[in-house]
Amino acid sequence: MSDQQIILENSFWKFLVSLEELKERKELFLFCSSLGVDEETLEGYCEFLTRFKVAVMRDEQYVYPLKEKCKIKMEFTLSEWLALQASFPKESPAYYYQQIVHDKMQMAQKANAMFTLYKKADEHVVSGNAFENLKRKIDYDIVCRKSMKIEFFSHKECSIFPHRMVFLDGILCVVGENINDKTLVYFGVEDIKDVTNLDNMYEPNLSQLEVNEFIGHLRLINGKEERLVLKIYSQDQADLLPEHHFLGNPFVTTSTEGDMIWAATLEMCDDIFSWLYKMRDRVEVLDPGHVRKEFAHFCELKKENAGSKKAS
């Protein structure tokens, strides 16, 4: 297999990611099965890595974790960082290696949000305080079961009975019952200019169970659901309920060492990483492996970003 063929093979990049994440030896058969390759192909991948002086330790039965993991760090001026962002296509990646870089780029942009080149193209600019006030207003109406009229920046209007605010596809949304046709609808809070209470009382036709099913179906369509498993070291100071997130099948138990194990199905987005970051000294991501890795990168970038600010 030529070098160019290897680079375009998704299984090669999955092999490399799996190898970097390997923490203990794994049966060779299982390792190859998880990648969908045979041992001959694996041999070719390992030989390809030798040019970078990376030796993959394995025998007839097992593949072993890398003795040394390569870490490459770069620093950018503002012009270089903006130029790098401009060089990346905004459409969905076609190959797995492009997805790896795309995810890393997104993580770097999260940690350096002030210098993100591409922000959502809106016709409006909402200050942080105005957005927080709007969230509080909607939250209050949900708790008090008050129907509302929504005024959008697009100059359209809609009257709903709000059921809940929740993150969908990475955007904070309000989910409610359309008062006119009794259907469930959802809107991004960032698209809402203002909300006002309606004088008439409205009795909702849909139960919270139906609302939860609606949210669950939307998340399946978005394809961003993850079963997040955490180990909590300090229960007293841990916030186990991330605000405005729909937790599917939540589960809590205690390990043999006395640590709390927390699990729930949720939608991974920027806000979840921010929630985990607030508890970084008291929580460990056990599963999925790629989320554990992404969160470690997120913390590293946050630390580097904080250090650069102090230096300046």
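Distance check, rounded to the nearest 0.5 Å: NZ of K193 to CD of E157 gives 10.5 Å. Between atom NZ of residue K149 and atom CG of residue L198 there is a gap of 7.5 Å, rounded to the nearest 0.5 Å. To the nearest 0.5 Å, atoms CG (L28) and OG (S33) are separated by 9.0 Å. Rounded to the nearest 0.5 angstrom, M148 CE and Y202 OH are separated by 13.5 Å. Distance CG/L172 to OH/Y186: 13.5 Å, rounded to 0.5 Å. From D287, atom CG reaches atom CG of L230 across 10.0 Å, with rounding to the nearest 0.5 Å.
There is a path of hydrophobic side-chain contacts, each under 4.5 Å, that joins V63 to V37. I215 and L228 fall into different hydrophobic clusters, defined by Ile, Leu, Val, Met, Phe, Trp and Tyr side-chain heavy atoms under 4.5 Å apart, directly or through other members. By the rule that hydrophobic residues join a cluster once side-chain heavy atoms approach within less than 4.5 Å of another member, V166 and L206 end up as members of one cluster. By the rule that hydrophobic residues join a cluster once side-chain heavy atoms approach within less than 4.5 Å of another member, M279 and L241 end up as members of one cluster. Side-chain heavy atoms closer than 4.5 Å link hydrophobic residues (I, L, V, M, F, W, Y) into clusters, and following such links, possibly through other members, connects L22 to L66.
Between F15 and F12, the ring-plane angle classifies as tilted under the 30° and 60° cut-offs. A tilted orientation is assigned to the rings of H244 and F167, their planes being inclined by 30° to 60°.
Counting only heavy atoms from C-beta outward, the side chains of C269 and H245 approach each other to under 4.5 Å. In this structure, the side chains of L218 and D169 stay at 4.5 Å or more apart for every pair of heavy atoms. With contacts defined as side-chain heavy-atom distances shorter than 4.5 Å, the pair K26/S34 qualifies. A 4.5 Å side-chain heavy-atom check between L240 and M260 finds at least one atom pair inside the cut-off. Contact annotation: the side chain of N249 approaches that of R227 to within less than 4.5 Å [non-hydrogen atoms, C-beta and beyond]. With contacts defined as side-chain heavy-atom distances shorter than 4.5 Å, the pair P65/K23 does not qualify. Contact annotation: the side chain of F298 never approaches that of L301 to less than 4.5 Å [non-hydrogen atoms, C-beta and beyond]. Counting only heavy atoms from C-beta outward, the side chains of D141 and N197 approach each other to under 4.5 Å.
For the residue pair D38 and T41, a side-chain donor N or O sits within less than 3.5 Å of a side-chain acceptor on the partner. Inspection of the E24 and Y64 side chains reveals no N or O donor paired with an N or O acceptor under 3.5 Å. Counted by atom type alone, Y45 and S11 present one or more donor-acceptor pairs between their side chains at under 3.5 Å. Residues E226 and H290 bring a donor and an acceptor atom of their side chains to less than 3.5 Å of each other. A donor and an acceptor atom, one from each side chain of E284 and Y233, are located under 3.5 Å apart.
The aromatic ring centres of H163 and F161 sit less than 6.0 Å apart.
Within 6.0 Å of CD in Q208 there are more than 12 heavy atoms belonging to other residues, nucleotides or ligands. By the 6.0 Å contact criterion, CZ on F214 is enclosed, its count of non-hydrogen atoms from other residues, nucleotides or ligands being greater than 12. By the 6.0 Å contact criterion, CZ on R145 is open, its count of non-hydrogen atoms from other residues, nucleotides or ligands being 12 or less. Counting heavy atoms of neighbouring residues, nucleotides and ligands inside a 6.0 Å radius, atom NZ of K182 exceeds 12 of them. A 6.0 Å sphere centred on CE of M105 holds more than 12 heavy atoms belonging to other residues, nucleotides or ligands. Atom NZ of K278 sits in a sparse spot, with 12 or fewer heavy atoms from other residues, nucleotides or ligands closer than 6.0 Å.
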Apply side-chain contact (heavy atoms from CB on, under 4.5 Å) to residues F131 and V189 and explain how you reach the verdict.
CA-CA 8 Å; F131 188 76; V189 176; 3.6 Å; yes
Step by step, work out the salt bridge (charged side-chain N to carboxylate O under 4.0 Å, His left out) result for D3 and R51.
CA-CA 11 Å; D3 291 354; R51 70 183 61 191; 2.8 Å; yes
Begin with the C-alpha distance, continue with both residues' side-chain angles, and end with the deciding distance and a verdict on side-chain contact (heavy atoms from CB on, under 4.5 Å) for L134 and I192.
CA-CA 9 Å; L134 181 61; I192 298 174; 4.0 Å; yes
For the pair Y140 and I138, evaluate side-chain contact (heavy atoms from CB on, under 4.5 Å) and give the outcome as yes or no after the intermediate values.
CA-CA 5 Å; Y140 178 80; I138 296 173; over 6 Å; no
Show, in sequence, the C-alpha distance, side-chain angles and deciding distance for V175 and L168, and conclude whether the side-chain contact (heavy atoms from CB on, under 4.5 Å) test is met.
CA-CA 10 Å; V175 178; L168 292 169; 4.3 Å; yes
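Panel note: side chain H217, backbone E213; a donor-acceptor pair is recorded below 3.5 Å. The closest donor-acceptor contact from the side chain of E20 to the backbone of V17 lies at 3.5 Å or more, if one exists at all. Listed for the T50 side chain is no donor-acceptor partner under 3.5 Å among the backbone atoms of K53. In terms of modelled atom types and a separation under 3.5 Å, the side chain of Q61 and the main chain of E27 share no donor-acceptor contact. Distance alone, capped at 3.5 Å, places no donor-acceptor pair between the W262 side chain and the F251 backbone. Side-chain N or O atoms of E177 include one that pairs as donor or acceptor with a backbone N or O of N205 at under 3.5 Å.
A cation-pi arrangement is present between R280 and Y277, with the terminal nitrogen or guanidinium carbon under 6.0 Å from the aromatic centre and inside a 45° cone about the axis.
Judged as a salt bridge (Lys or Arg N to Asp or Glu O under 4.0 Å), the pairs with a partner in residues 56-73 (not counting sequence neighbours) are, in order, E43-R58, K73-E300, K73-E304.
E225 has a carboxylate O that lies under 4.0 Å from a charged side-chain N of R219, or vice versa, which qualifies the two as a salt bridge. Salt-bridge formation is not detected for the pair R292/E21: no Lys NZ or Arg NE/NH1/NH2 atom is positioned less than 4.0 Å from an Asp or Glu carboxylate oxygen. A salt bridge is absent between R164 and D139: the closest approach of a Lys/Arg side-chain nitrogen to an acidic carboxylate oxygen does not fall below 4.0 angstrom. Checked for salt-bridge contact, D194 and K137 meet the test: a charged N lies under 4.0 Å from a carboxylate O.
Among all heavy-atom pairs drawn from I160 and P162, the shortest one is O-CD, 3.6 Å. Minimum interatomic distance between P250 and L247 (heavy atoms only, all atoms of both residues): CD-O, 3.7 Å. For N200 against S147, the heavy-atom pair with the smallest separation is O-OG, 3.5 Å.
Among V285, I261, V291, the single residue meeting the side chain to side chain contact (heavy atoms under 4.5 Å, CB included) criterion with V229 is I261.
Looking at residues two or more places apart in sequence or on another chain, you find no ring pair (Phe, Tyr, Trp, His ring centres under 6.0 Å) involving F31.
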